[in-house]
Amino acid sequence: MKSHTIELPRPQVAADQLGFFRFGDIAGRVLLTNDAGEWHFLGREDFAALVAGTLPAEHPERPTLLAKGFLRSELDLDALSERIRRKKSFLGNGPHLHVVITTLRCNQDCRYCHASRTDMDQVQTDMSLETAKKVVDLAMQSTSNYVAFEYQGGEPTVNMDVIKFCVEYSREKNRYEGKTLDHSVVTNFTYMTEEHAEWLLANDVLVCTSLDGPEELHNYNRTWRSGSDAYGSVREWMAYFNRRWIELGRDPHLWHVDALTTLTRRSLEQWKDIVDLYVGLGIRSVHLRPLNPFGFASKTWDQIGYSTDEYLAMYEEALDYIIDLNKAGTTIIEGTAAVLLKKMLTPDDPNYVDIRSPVGSGTGQVAYNYDGTILPSDEGRMIHAMGDPMFVLGQVGSTSYSEIVGHPTVKSMAVASLLDSLPGCSSCWNAPYCGVRPLHNYRQTGDLFAQRPNTPKCAEHMTIARLLFERLAEDTTGEVEAIFRRWTVQRPRVRDED
Amino acid sequence: MTAENARFTFSIDDRSLALLLDEALYPLDAIYGAAYLFVDRCYIFLDRPADKQVQVRFRTKSDSTEQDLEALAGEFANELLNQVLRLRISESTKSIREYTLARAFFGDSSQASIDALLAELDAEELADDPLEINVPWESGT
């Protein structure tokens with residue numbers, strides 16, 4: 001056994017001169033962050049002086065450090081409290097996202113399908129109108145003034161009657177509730193008809209589809225059971241909807257088919273083709289999310305899966321490519337980056353239910369299975385579909401709204417994702433921008449909490465936040481920050497006559 | 001060890017690294033906090049060989065050279081000093097955080113509400129002013 005000795009400079013600390021902050025090394029500098037989401041870079045020597053209480057009164061960084069609450073003298077506690085209140089205002093809202101599984105039937109057989117699909121003859125997996133009515137009755141009780149119904153499946157348009165009923169019934173109820181309602185359908189477009197399309201257009205239902213990439217990649221990932229060209233169908237219906245919205249006089253920047261890509265191993269090799277396809281189609285957002293470890297995907301992981309390191313290496317290349325596209329005048333954003341940037345660059349939080357503290361499961365979103373089973377999220381539904389009833393919150397018709405949001409399972413998930421109380425997270429520089437996914441933890445380790453450094457989501461969120469801060473730290477001209485700020489602006493998608 | 005420098009003595013064996021820490025210099029919470037950040041790369045064993053002394057032993061999950069272990073020791077020592085700083089800041093700002101978080105989540109936001117109400121009233125008055133009370137006399141004809 002060999003013995004060694006190292007000596008390191010011990011920091012001098014004048015803690016009584018400091019406000020509360022977390023810190024970490026990024027881009028050769030020290031990043032300070034606090035509970036209000038404020039952040040500031042300091043050189044190492046300046047940081048040492050700040051901590052030691054020897055930062056000169058005339059130091060150029062001092063006014064900014066004071067304004068952001070990193071120094072104790074002249075600290076405006078009430079103003080800081082208000083900034084924290086605004087940042088965390090979602091805590092008082094209640095569930096806004098209501099995922100309705102209209103059916104499990106689907107005519108595609110995707111390699112990664114995490115939606116627990118069934119074949120088209122399994123009509124018993126259709127939601128009934130009676131169940132749909134109970135779903136809407138429950139969802140409209142949410143304390144959130146904004147309620148978004150998201151129709152998923154299976155392929156949700158296979159049970160179009162339930163979509164139509166939910167849209168019309170919720171709007172009828174809303175004459176008395178006065179909420180802001182959104183309806184969106186997540187469709188693979190393989191079951192779309194002109195009649196359905198025109199109804200969706202006439203009723204202001206937002207449409208989102210899966211577009212995994214160029215034709216060969218899309219059709220490889222998303223097999224259509226009929227043997228037909230899934231890619232061609234998606235392109236055809238995207239063009240149809242986008243054309244018709246323009247004909248109806250809608251702003252095409254707001255009213256267009258949104259698209260999501262699911263990344264398989266083969267997708268990682270073709271990330272540039274995916275981004276270029278989206279740009280070519282005029283889609284302004286591409287969300288490069290890693291594959292979920294749920295449902296069928298786990299069975300075929302060896303074929304289509306990849307490591308977190310492989311994903312993050314791809315992400316960094318793609319992020320820089322997307323930034324370069326923006327520099328050249330093309331507007332396209334990356335979804336996860338946009339969520340984190342909204343937290344970093346604005347006084348608000350986007351209330352993205354998967355990346356917030358605590359997580360939105362049960363308090364920001366609720367999922368309703370085709371049979372009326374209530375679950376805290378779509379991921380909870382997938383775990384349920386895998387035969388594990390751990391996350392069932394109740395049944396529409398017999399479970400009340402307060403029983404859902406106050407359910408012990410929902411409370412457990414909130415505790416397991418409250419960054420201020422989690423080891424490793426409570427002192428992490430990324431705490432104001434991060435979010436824990438207890439269902440992922442449970443699926444991957446059998447433990448809602450898990451050990452943070454051992455979870456892929458920790459590496460994913462930390463690395464992406466670090467990449468963004470590095471790009472900001474190295475941005476001497478302000479060009480990148482200007483691009484990033486544009487990514488945080490979202491105009492509300494309302495009818496022009498509203 | 002000088003007042004400015006912290007000295008860390010550690011021993012290295014096959015895939016293992018051990019440090020003996022004085023709890024008077026390094027609070028237990030700082031040791032836990034620093035060690036926790038290495039659980040993805042190492043198995044970590046804590047022991048108390050004597051009063052106020054904590055032994056931290058790392059066993060790497062994959063093969064490692066002597067240089068790897070030396071680098072690991074340096075990384076841990078750095079992190080330990082950071083954790084001590086984090087702990088000092090956290091303890092010193094405890095009452096500040098309790099106040100700001102309590103006010104943010106449970107506090108009286110009446111001032112903000114009053115401001116909002118006044119702004120709303122101003123807007124209403126400006127919008128509906130049949131007697132032209134808000135019209136400055138200079139602009140009258």
Side-chain angles (χ1 to χ4, degrees), chain A residues 1-25 30 32 34-36 47-48 51 69-70 72 75-89 91-92 420 422-429 450-455 458-459, chain B residues 1-14 16-19 25 29-30 32-42 66 69-70 73-74 76-78 80-97 99-107 109 111-112:
Chain A
M1 182 174 285
K2 288 185 177 177
S3 188
H4 306 254
T5 299
I6 50 174
E7 281 196 30
L8 295 171
R10 182 189 299 281
Q12 303 302 305
V13 186
D16 60 344
Q17 296 184 32
L18 303 173
F20 174 76
F21 60 82
R22 304 172 174 94
F23 61 92
D25 287 342
V30 183
L32 290 76
N34 68 13
D35 290 325
F47 179 73
V51 169
F70 295 124
R72 195 171 307 185
L75 182 59
D76 185 341
L77 292 176
D78 292 340
L80 185 61
S81 302
E82 282 302 318
R83 296 211 294 272
I84 295 169
R85 185 206 300 272
R86 180 168 174 176
K87 204 66 163 175
K88 288 289 187 182
S89 60
L91 289 173
D420 299 87
L422 292 177
C425 300
S426 61
S427 60
C428 178
W429 57 268
Q451 288 182 314
R452 303 306 306 139
N454 281 325
T455 62
C458 177
Chain B
M1 184 169 63
T2 67
E4 292 76 28
N5 284 350
R7 176 179 289 180
F8 297 90
T9 300
F10 58 94
S11 53
I12 288 174
D13 202 355
D14 177 36
S16 284
L17 160 74
L19 296 94
L25 290 172
D29 281 348
Y32 288 157
Y36 187 77
L37 299 181
F38 291 80
V39 296
D40 56 335
R41 289 182 279 166
C42 306
E66 189 173 325
L69 293 169
E70 282 181 28
F76 176 74
N78 261 327
L80 186 58
L81 292 172
N82 279 341
Q83 289 289 335
V84 172
L85 175 54
R86 290 186 176 109
L87 200 60
R88 292 282 304 279
I89 294 171
S90 182
E91 286 170 350
S92 175
T93 55
K94 184 168 180 276
S95 57
I96 292 176
R97 289 192 84 206
Y99 177 84
T100 52
L101 294 175
R103 185 165 168 76
F105 297 129
F106 307 109
S109 61
Q111 190 57 47

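Letters A, B, ... are given to chains in the order of the sequence lines, protein chains preceding strands, and every chain is numbered from 1.
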If you measure from [atom1] on [X] to [atom2] on [Y], what distance do you get to the nearest 0.5 Å?
{"X": "Leu37(B)", "Y": "Cys428(A)", "atom1": "CG", "atom2": "SG", "value": "8.0 Å"}
{"X": "Ser11(B)", "Y": "His4(A)", "atom1": "OG", "atom2": "NE2", "value": "8.5 Å"}
{"X": "Ile84(A)", "Y": "Arg103(B)", "atom1": "CD1", "atom2": "CZ", "value": "11.5 Å"}
{"X": "Leu422(A)", "Y": "Tyr36(B)", "atom1": "CG", "atom2": "OH", "value": "7.5 Å"}
{"X": "Leu101(B)", "Y": "Ser81(A)", "atom1": "CG", "atom2": "OG", "value": "8.0 Å"}
{"X": "Asp78(A)", "Y": "Tyr99(B)", "atom1": "CG", "atom2": "OH", "value": "4.0 Å"}

Quick one: what part of [X] sits under 4.5 Å from any heavy atom of chain A, side chain, backbone, both or neither?
{"X": "Phe105(B)", "result": "side chain"}
{"X": "Arg88(B)", "result": "both"}
{"X": "Glu91(B)", "result": "neither"}
{"X": "Asn78(B)", "result": "both"}

Under the side-chain contact (heavy atoms from CB on, under 4.5 Å) criterion, do Thr93(B) and Arg72(A) qualify, and how do the steps go? CA-CA 9 Å; Thr93(B) 55; Arg72(A) 195 171 307 185; 3.6 Å; yes

Heavy-atom side-chain proximity of Pro453(A) to Phe38(B) below 4.5 angstrom: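 Side-chain contact under 4.5 Å: no.
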
Residue among Leu87(B), Asp13(B), Ile96(B) with most heavy-atom pairs under 4.5 Å to chain A: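 Of Leu87(B), Asp13(B), Ile96(B), Ile96(B) has the most heavy-atom pairs under 4.5 Å with chain A.
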
Residue selection (most heavy-atom pairs with chain A, distance under 4.5 Å) from Leu81(B), Asn82(B), Thr100(B): Thr100(B)

Contacts table for residues 14-24 of chain A: side-chain donor-acceptor under 3.5 angstrom, sequence neighbours left out:
unit_1: Arg22(A); atom_1: NE; unit_2: Ser426(A); atom_2: O; d: 2.7
unit_1: Arg22(A); atom_1: NH1; unit_2: Asp35(A); atom_2: OD1; d: 3.2
unit_1: Arg22(A); atom_1: NH2; unit_2: Asp420(A); atom_2: OD2; d: 3.4
unit_1: Arg22(A); atom_1: NH2; unit_2: Ser426(A); atom_2: O; d: 3.4

Could you tell me whether Tyr32(B) atom OH has more than 12 heavy atoms of other residues or ligands within 6.0 Å of it? no

Contact winner vs chain B - Asn454(A), Ile6(A), Thr5(A), heavy-atom pairs under 4.5 Å: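 Between Asn454(A), Ile6(A), Thr5(A), the count favours Ile6(A).
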
